[in-house]
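Got a structure for you, written out below as structure tokens; questions coming shortly.
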Amino acid sequence: MDGRIELIDATKEYKHAGSPPVSALNCVNLSIRQGEFVGMVGLNASGKTTLARMLNGLILPSRGKVLVNGLDTADLAQKKEIRRLVGMVFQNPDNQIINPIVEEEVAFAAENLNLSPAEVRRRVDWALEVSGLADLRHHAPQMLSGGQKQRLAVAAVLVMQPSYLVLDEPTSMLDEDGRYELIKTLQDLNRQQRLSIIMISHRMEEVAPAERIIVLHQGTVYLDGPPAEVFRSPRFALAGLKPPPIARLTNSLLRQGHPIDDRIVTLEQMVEFLCR
Amino acid sequence: MPVIETKELTHIYLAGTPYEKKALNQVSLSINKGELFGIIGANGSGKSTLIQHFNGLLTPSCGTVRVYGKDTANRSCRNELWKKVGLMFQFPEQQLFASTVFDELAFGLKNMGLEGWEIENRVEEALLQVGLNPKEVIKVPPLGLSGGARRQVALACILAMRPTILVLDEPTAGVDPSASEHILKAIKKMQREQQATVVMVSHYVNDLIFLADKLAFLKEGRLLSYGDKKTVFRDMAQWDVNDLILPEHLKLMHRLAAYGLPVNTEILTLEEAAAEISRVMEEWARCER
Amino acid sequence: MREMITGQYIMGDSIIHCLDPRTKLIGCLVVIVVAVWPRQTITILLFNLAFIIIVIYFAEVGVGRVLRGLRSLKLIFLLTFICQVFLTRGDPLWSWGSIVITRQGIDLGINTFLRLLILFLSASLLTMTTSTLKISAGLESLLSPLKYLRFPVQQFAMIINIALRFIPTITEEAEHIVRAQKSRGAQFDSGSLSIRLRTVMALLIPLLAASLQRATDLAWAMESRCYTSDGQIYSRVYKLHFAQRDLIAMGVISIVLLLAIL
């Protein structure tokens, strides 16, 4: 069976006493293949966070269904397996670190899965290696930089050997160095381990290298497609968003009639195009 | 006329312990009245430490800081500084505490000794300034607002006090593009219409590239470059080996120049970058013909 | 940036750091029990104190740094001493009007002072040389017999672990909020009670809101990493092991205990 996460008419309503229910997500239909790198953007209250948390069953839809590799997130018996398959990294690195030593923090999830000690050790070593933290394994998380902390949060999820990694604004509290480190780690994981990455961000430069961008607006999927198409769509501006600098540059060159590849949205693509 | 002047400002945290850290190392700069002064640097570069010297929350371990010509080492002058220098910290929405937005804004004003209608006027004005509708939000608890709106309220709290120097630490970090736009607009307006001096710290240069009149670039506690934007960007490209901190279109120009393309790297805006590339491509087209 | 917090864990690889946390917990408990035992003589307390100072020396954390923590507690120490000296009845040594100082008072004053000092030093030594995870793992292991009484030992240890883990974060946050509110003119040292109350609220409410937010985030993060409060974890990989040095340490502690009782 091929791996994918499917949302079928997924709707989430929040009920407050004395007022009509507010819908955070409205009849969303989506399918995310295993191995995809998906960027998710939208203004506040567009439903991004609700959608992200539905992917591993932290939030269950009020109506509709979410299937992870065919498993229904509403099925309590599958809860642990779904959490294992879909790793989740949150915005504030300080609030998701539980243990006082890096390697203990990474081991936490593996221990919760009741793996054998040898297997836990093997996975901890591997997760530290691929997230570039092997040298820091005996350090205290408080002493790490923001970027390192966030990569620790990634490593702490990777020990479960998930197929999907969902990140909710993971870079918003990091500086440029931290962002660069984290995004590079994610891209490597995506390419080398075929791990799906689903990343929410407010910064378009960060999602531009993705294969696919989903724009959420007022609880619905407003746009969904390759970055260049999404950035060029008039609906993108209607959703209150602005394309990244390089995409704007490409557009401006296209308008001036230059023969430039209209799929260029990132710095690397632009450099490659102009310098080849 | 400089309103803020630092001379060889050095700040050491936890002096005398094994965790001792020199956060600022001999920083000398001056900020003129009415300027929008941008400070750029990664985390740990000392930028947050630097700005806390501007309203007297921190005092130098070595060197001097003068605000409006007065030394902040003087306690009585330091204790009055908060009225003139409005400082907004990073993630300021975390400091909101009152039961309504009105009370939140009134907190600072009451501390200033203001009363009655004056408070009401200023609250309304400040909310309008940051792009919020006073009628809609004034009775709402600030903790019930969205993240972006909370940031706008936090800025309004500072603006309502009508500081003549506004110091902002990462005002747009982590908010969505629409709130971010409101915040930047309010800051610019404050500078233009009330001739306020604005000091703005950011690691996201895109915010500063259009707004700032002058820039300073800090790295590991040292002031590496300071002056007009073009100079600072040129120096940054030199110092910052990974060129992470430059805005993308400037990075592009530097990369292209490194490949030997005849582009001018001393530009500022995206339009200028487009014009440079356009010129190069036209030349190619001519050669092909 | 923050001041060092009293009793904050200091990384190191001294003999004391390497001891099993259970050894240290038991040792700490023994010292404390000896110190608070009723009618303890000053000699034993001094002996006890000397033992702790030797251990501090071996822990290589710096006697000065341990003692620096005392500064914040000096008022409590002084007040208890004064109360004991002036309020104890017995053979008068010196009197002035209704104020009488007795021999028993001075005895008791020194006695209490030493007891408090021992409590403080042994507790800070424990937390300075043992990471919070180790402390909670040690507690979990020591309390494990209580499992048979259906006491939720693992969950209890997790609570302790998280509480200890967040102390530095929340302290830092509090300092941050204080500075932010000062920038809005909050007067934390105002003489007026009502102003002071308002200012304290301006600190406490954001701190509480942030802590609740942290708690929520942490709960989501733990749940995402398959933690369930009812689940039993069979394989703690970074297991505690009782080494020979622990046996030696336990021996030393027993001797100290014996000497103290005799």
Side-chain angles (χ1 to χ4, degrees), chain A residues 49 52-53 55-59 79-101 103-124 137-143 153 156-160 162 165-166 168, chain C residues 2 5 8-13 17 21 127 130-137 154 157-173 176 210-241:
Chain A
T49 297
R53 290 179 184 183
L55 300 179
N56 79 340
L58 283 176
I59 292 179
K79 197 165 92 174
K80 215 165 187 177
E81 179 61 7
I82 288 168
R83 301 272 157 86
R84 188 193 72 72
L85 278 169
V86 187
M88 184 81 67
V89 172
F90 299 84
Q91 183 178 23
N92 187 341
D94 279 322
N95 291 5
Q96 48 188 316
I97 293 172
I98 305 152
N99 296 296
I101 305 278
E103 65 177 1
E104 290 170 355
E105 173 69 11
V106 177
F108 180 76
E111 288 174 346
N112 290 339
L113 292 173
N114 279 328
L115 301 168
S116 72
E119 177 66 9
V120 172
R121 280 213 183 83
R122 198 186 61 73
R123 287 194 184 189
V124 168
R137 61 186 307 154
H138 299 297
H139 281 243
Q142 293 101 300
M143 299 293 168
V157 167
L158 285 181
V159 284
M160 303 190 292
L165 188 60
V166 181
D168 189 355
Chain C
R2 58 238 71 119
I5 303 157
Q8 191 179 331
Y9 175 61
I10 295 171
M11 264 190 278
D13 46 9
H17 278 86
T127 54
T130 323
S131 76
T132 52
L133 186 89
K134 290 230 173 93
I135 292 182
S136 59
Q154 258 180 15
M158 182 54 87
I159 291 170
I160 302 274
N161 182 22
I162 290 171
L164 293 172
R165 146 78 181 79
F166 276 95
I167 288 172
T169 316
I170 290 174
T171 320
E172 204 178 308
E173 181 131 46
H176 186 84
S211 303
L212 287 176
Q213 183 60 51
R214 277 185 204 288
T216 319
D217 286 2
L218 191 71
W220 287 111
M222 287 171 74
E223 229 187 307
S224 298
R225 287 198 269 152
C226 298
Y227 180 83
T228 42
S229 58
D230 51 352
Q232 286 297 321
I233 295 157
Y234 302 108
S235 58
R236 278 256 176 243
V237 170
Y238 298 91
K239 260 197 213 115
L240 308 170
H241 42 256

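Order of the sequence lines sets the chain letters (A, B, ...), proteins ahead of strands, with each chain counted from 1.
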Handout entry: Non-hydrogen atoms of C/E223 and A/L58 that approach each other most closely
Key =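 Taking C/E223 first and A/L58 second, the nearest heavy atoms are CB-CD2, 3.9 Å.
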Problem - Closest approach of A/N92 to C/R214 (non-hydrogen atoms, all atoms of both residues) - result: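 A/N92 and C/R214 have their closest heavy atoms at ND2-NH1, 4.2 Å.
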Practice task
Considering only NZ, NE, NH1 and NH2 on the basic side and carboxylate oxygens on the acidic side, decide whether C/R225 and A/E105 come within less than 4.0 Å.
Solution key: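 Salt bridge between C/R225 and A/E105, a charged N being under 4.0 Å from a carboxylate O: yes.
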Problem - Contact winner vs chain C - A/V89, A/V86, A/I98, A/N99, heavy-atom pairs under 4.5 Å - result: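 Highest number of heavy-atom pairs under 4.5 Å: A/I98.
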Problem - Atom group of C/I162 that falls short of 4.5 Å from chain A, counting heavy atoms - result: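 Contact with chain A involves the side chain of C/I162 alone.
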Handout entry: Region of A/L113 that comes under 4.5 Å of a non-hydrogen atom in chain C
Key =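 A/L113 touches chain C through side-chain heavy atoms alone.
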Fill in the blank from the handout: Taken to the nearest 0.5 Å, the spacing of C/C226 SG from A/E81 CD works out to 8.5 Å
Handout entry: Side chains of C/M222 and A/F108 in contact at under 4.5 Å (non-hydrogen atoms)
Key = yes
Handout entry: Other residues, nucleotides, ligands: >12 heavy atoms within 6.0 Å of A/K80 NZ
Key = yes
Handout entry: A/D94 vs C/F166 side-chain heavy atoms within contact, under 4.5 Å
Key = no
Exercise for the section: Tell me, for A/A156 versus chain C, whether the close heavy atoms (under 4.5 Å) come from the side chain, the backbone, both or neither. Expected result: both
Exercise for the section: Report the distance from atom OG of C/S224 to atom CD1 of A/I82, rounding to the nearest 0.5 Å. Expected result: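 Going from the OG atom of C/S224 to the CD1 atom of A/I82 covers 12.5 Å.
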